[in-house]
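Below is one structure; the comments refer to it alone.
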Amino acid sequence: MVNATKGVFISCDIPMAQYIINMNASLPASEKFIIHVLDNTHIFVQPHVEHMIRSQIAKFREDNTYVKPS
């Protein structure tokens with residue numbers, strides 16, 4: 001029998017994939033969102049967390065971007 005799961009496919013570089021995996025690991029078991037880690041750069045996640053992942057990545061990039069003082 002075939003089992004189908006609805007989700008979002010994420011393709012990214014290795015450091016960003018590790019960041020997403022770490023986000024998932026920091027959550028309680030009932031809130032974990034990764035369905036399957038396909039390889040080092042591809043992750044399959046639950047569809048309802050797409051916006052949360054995008055906002056966390058945007059915040060991470062903003063926090064780690066150098067802005068030259070004026």
Side-chain angles (χ1 to χ4, degrees):
M1 173 150 305
V2 176
N3 291 332
T5 303
K6 188 174 185 176
V8 175
F9 177 76
I10 298 175
S11 178
C12 56
D13 60 358
I14 294 172
M16 194 54 64
Q18 289 301 311
Y19 179 73
I20 294 169
I21 291 168
N22 188 40
M23 283 174 37
N24 185 66
S26 68
L27 296 173
S30 63
E31 297 179 14
K32 294 198 184 283
F33 55 84
I34 292 180
I35 297 170
H36 192 71
V37 177
L38 303 170
D39 62 22
N40 289 337
T41 59
H42 300 96
I43 304 171
F44 193 59
V45 300
Q46 296 176 0
H48 68 276
V49 297
E50 180 181 6
H51 180 68
M52 185 268 297
I53 292 172
R54 287 183 187 271
S55 65
Q56 288 290 336
I57 289 172
K59 182 181 178 304
F60 176 76
R61 285 185 175 161
E62 182 180 310
D63 292 345
N64 291 295
T65 301
Y66 176 73
V67 177
K68 184 177 178 181
S70 46

To the nearest 0.5 Å, what is the distance between [atom1] on [X] and [atom2] on [Y]?
X	Y	atom1	atom2	answer
Gln18	Met23	CD	CE	13.0 Å
Met16	Thr41	CE	OG1	13.0 Å
Gln46	Asn24	CD	CG	8.5 Å

How close do [X] and [Y] get, heavy atom to heavy atom, and via which atoms?
X	Y	value
Ile53	Phe33	CD1-CE1, 3.7 Å
Pro47	Gly7	CD-CA, 3.7 Å
Val45	Ile43	CG1-CG2, 3.6 Å
Ile20	Cys12	CD1-SG, 4.4 Å

In terms of hydrophobic clustering (I, L, V, M, F, W, Y; side-chain heavy atoms under 4.5 Å; direct or indirect links), are [X] and [Y] co-clustered?
X	Y	answer
Phe60	Val49	yes
Phe44	Val8	no
Leu27	Ile35	no

Hey, does Lys32 have a side-chain heavy atom less than 4.5 Å from the side chain of Ile34?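 Contact flag for Ile34/Lys32 side chains = no.
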Step through the shown structure and confirm whether more than 12 heavy atoms of other residues, nucleotides or ligands are within 6.0 Å of CD on Glu31.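 Atom CD in Glu31 is crowded, with more than 12 foreign heavy atoms closer than 6.0 Å.
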